[in-house]
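Below is one structure; the comments refer to it alone.
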Amino acid sequence: MKIAIVLGSVRAGRQSHKVAYYLEKKLRERGVAADLIDLAEDPLPVLDERAGRHPQVQAKVESLSARLHAADALLFVTPEYHGSFSGALKNALDYFWEEFNKKPIGVVAASAGKMGGINASTQLQHVVLSLGAFALPTKLLVPEVQGVFDDALQIKSEGVAKLATRFLDEFLWFAGAIVQAKRAAQAAA
Ligand SMILES: Cc1cc2nc3c(=O)[nH]c(=O)nc-3n(C[C@H](O)[C@H](O)[C@H](O)COP(=O)(O)O)c2cc1C
């Protein structure tokens, strides 16, 4: 199974990327292929046309499309900004649609406050439904994210590490069930 992680935090001084990189590492430790799409490294301009009007944008959209298509399941990692998920993430998602079709998607949110991005995560789960994808009911919330990792990106919070393990267990179970059902349907066709 291949997992794409889409990271929607792009600002200088960001913190949520630590969560995305941690999850990528944890997936790889479980033998799962993980592809981290960091929108700070692959920025997309504000959408004016899905394919992108400029050849450079078009090439980037095609490359991201191929990476999203290759994924059996996805994780969206977002910071909470003003009670919602990041605009950079929504802008990137709006470039694509069929890439998400009937795929299992787990939502992860991080915040500076104590609520761990609860509002961002719930709203993002609704967006997942509009993408024609299946939202994992469980989400991973990381409150006070600025204190969760050390400078070497090692996790310091045992509580968050435990929550992340449980979340990945759920996500991989859910994703595995959907992937298996799709393969069975293909085999029967
Ligand atoms: C524009 C903006 C709005 C924010 N709004 C909230 C908020 O509504 N609730 C909250 O807990 N933190 C809020 N924060 C703090 C972020 O959650 C915090 O920066 C955290 O580290 C995750 O975002 P980051 O990946 O950009 O660092 C906001 C930060 C920015 C830049």
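When a ligand or atom number is given, it counts from 1 through the structure's own listing order.
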With heavy-atom distances below 4.0 Å as the criterion, list the atoms of ligand 1 near [X].
{"X": "R14", "result": "25 (O), 27 (O)"}
{"X": "S16", "result": "22 (C), 23 (O), 24 (P), 25 (O)"}
{"X": "G83", "result": "8 (O)"}
{"X": "S9", "result": "24 (P), 25 (O), 26 (O)"}
{"X": "G113", "result": "11 (O)"}
{"X": "V145", "result": "20 (C), 21 (O)"}

For [atom], find the nearest protein heavy atom and state the residue, atom name and distance (0.1 Å precision).
{"atom": "atom 30 (C) of ligand 1", "result": "Y81 CD2, 3.3 Å"}
{"atom": "atom 23 (O) of ligand 1", "result": "P79 CB, 3.1 Å"}
{"atom": "atom 14 (N) of ligand 1", "result": "E80 O, 3.4 Å"}
{"atom": "atom 1 (C) of ligand 1", "result": "H82 CE1, 4.0 Å"}
{"atom": "atom 15 (C) of ligand 1", "result": "A112 CB, 3.7 Å"}

Taking the inter-plane angle between the rings of F100 and F96 on a 0 to 90° scale, is it parallel (under 30°), tilted (30 to 60°) or perpendicular (over 60°)? perpendicular
About how many Å separate CZ of R14 and OG of S86, when rounded to the nearest 0.5 Å? 11.0 Å
Return the CD to OG distance between Q146 and S111, rounded to the nearest 0.5 Å. 8.0 Å
Is the backbone of L124 close enough, under 3.5 Å, to the side chain of K90 for a donor and an acceptor to pair up by distance? no
Donor-acceptor pair, side chain of K60 and main chain of P55, under 3.5 angstrom: no
Heavy-atom pair of closest approach, residues L141 and S121: CD2-OG, 3.5 Å
Check each heavy atom of R11 against ligand 1 and say whether those closer than 4.0 Å belong to the side chain, the backbone, both or neither. side chain
Is any NZ, NE, NH1 or NH2 atom of the basic residue among K156 and D151 found under 4.0 Å from an Asp or Glu carboxylate oxygen of the other? no
Taking R28 first and then D35, would you say they form a salt bridge - that is, a charged N and a carboxylate O separated by under 4.0 Å? no
Please indicate whether any nitrogen or oxygen in Q146 is less than 3.5 Å from any nitrogen or oxygen in ligand 1. no
For the residue pair K139 and T122, confirm or rule out a side-chain donor-acceptor distance under 3.5 Å. yes
